[in-house]
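What you are looking at is a predicted structure, and each value in this text was computed from that prediction instead of being measured. This chain uses plain numbering: 1 for the first residue, then up along the sequence.
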Amino acid sequence: LEETSKPVALWLKGLGMDDSQLSKAILKLPSLIGCTLEDNLKPKVQWLKALGMVDSQVAKTIVKFPLLMGSYSLEDNLKPKVQWLKVLGMDDSQ
């Protein structure tokens, strides 16, 4: 990994990702490794945790749906969608 990518990779591993999971996520969304920690990844992970996820669940979510971390705006896309689901009757446990 390049020097600028190492902090992101280490941080993702800190969520519980192993090398195989990290590789899968990066293969699905190569730009994931270039995301900023402070402006992109950390706020989204904090939000997922506020919804009730633990680190291992967050890691699995990133591996399955890396677009959540790299392509969708937290404020303009993710939060409104979850709010809409809550209006429809879903709760945080679903």
Taking a hydrophobic cluster as the set of Ile, Leu, Val, Met, Phe, Trp and Tyr residues connected by side-chain heavy atoms closer than 4.5 Å, whether directly or through intermediates, do Y72 and L51 fall within one such cluster? yes
Reported CG-to-CE distance for the pair D55 and M17, which is rounded to 0.5 angstrom: 10.5 Å
Minimal heavy-atom distance between L32 and P66, with the atoms involved, is CD2-CB, 4.3 Å
Atom of W11, atom of L41 and distance for their closest heavy-atom approach: CZ3-CB, 3.6 Å
Nearest heavy-atom pair of S5 and I33: which atoms, and what distance? CB-CG1, 3.4 Å
With a 4.5 Å cut-off on side-chain heavy atoms, are M69 and L48 touching? yes
Other residues, nucleotides and ligands only: do more than 12 of their heavy atoms fall within 6.0 Å of NZ on K24? no
Calculate, to the nearest 0.5 Å, the distance between atoms CG and CG belonging to L37 and L10 respectively. 9.5 Å
Treating K44 as the side-chain partner and S73 as the backbone partner, does any N or O pair qualify as donor plus acceptor under 3.5 Å? no
Between K79 and V82, is there a side-chain heavy-atom distance shorter than 4.5 Å? no
Closest contact, heavy atoms only, L74 versus P43: CD2-O, 3.8 Å
Residues K13 and D18 bridged, charged N to O under 4.0 Å: no
Spacing of S31 atom OG and L67 atom CG [to the nearest 0.5 Å]: 8.0 Å
Please find the pair of heavy atoms, one from V8 and one from C35, that lie closest to each other, and give the distance. CG2-O, 3.3 Å
Give the minimum heavy-atom separation between A9 and L22, together with the two atoms involved. CB-CD2, 3.8 Å
Sorted by chain and number, sequence neighbours left out, side-chain contact (heavy atoms from CB on, under 4.5 Å) with F65 holds for T61, L68
